[in-house]
Amino acid sequence: MRNRFDIKYKDLTIIVGTLLLLILGMQYNDFNTIQSSIKQSGQITTLLDKIAAELDVSKTTVSVNSTTPNDNVLVKTPKGYFRVNYNTDGSQFVLETVQLRDTNRVKIEGEK
């Protein structure tokens, strides 16, 4: 009877330990996702600062359609709309002027 009692708690300990490892793994994954998001937001902020300096406009007048740096980033400035094209390693970019058919349908959300 005593051995059955020990085996029951041994199995329970293994189950609880496995659950704890699973929860810790999920938390670590969430932490990595948040860190990656913070890093990409910082890259977009740096990009907007560079674009504002290059176009000689105020940083507060520059809007962007994405929070992650990719090849589909559109930028709205007082001087017009621009598409950002990155080089192969993502260290440099080129601004390409974009002509929109109907700028009245463009919706800007967020802080003004």
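Side chains are part of it too, since the values below use all heavy atoms of this structure and drop only hydrogens, waters and symmetry mates.
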**Report entry** Atom of Lys79, atom of Leu55 and distance for their closest heavy-atom approach
**Finding:** NZ-O, 2.6 Å
Query raised in the report: Which heavy-atom pair separates Val73 from Asn65 by the least distance, and what is that distance?
Result: CA-OD1, 3.5 Å
Report summary line: For Asp49 and Lys59, the nearest pair of non-hydrogen atoms, with its separation, is OD1-CD, 3.3 Å
Report task. Could you list the residues that satisfy side-chain hydrogen bond (donor to acceptor under 3.5 Å, both in side chains) with Ser58, not counting sequence neighbours? Result -> Thr60
Query raised in the report: Rounded to the nearest 0.5 Å, how far apart are CZ of Phe82 and CD of Glu96?
Result: 10.5 Å
Check residues 24-33 and write down every donor-acceptor pair under 3.5 Å in which the side-chain atom is one partner and the other belongs to a residue at least two apart or another chain.
from  : atom 1 : to    : atom 2 : distance (Å)
Thr33 : OG1    : Asn29 : O      : 3.0

Requested in this report: Kindly compute the distance separating CG (Leu47) from CZ (Phe93), expressed to the nearest 0.5 Å.
Outcome: 5.0 Å
Query - side-chain contact (heavy atoms from CB on, under 4.5 Å) evaluation trace for Leu95 with Val84 - result: CA-CA 5 Å; Leu95 292 177; Val84 179; 3.8 Å; yes
**Report entry** Gap between atom NZ of Lys76 and atom CD1 of Ile51 - 0.5 Å precision
**Finding:** 14.5 Å
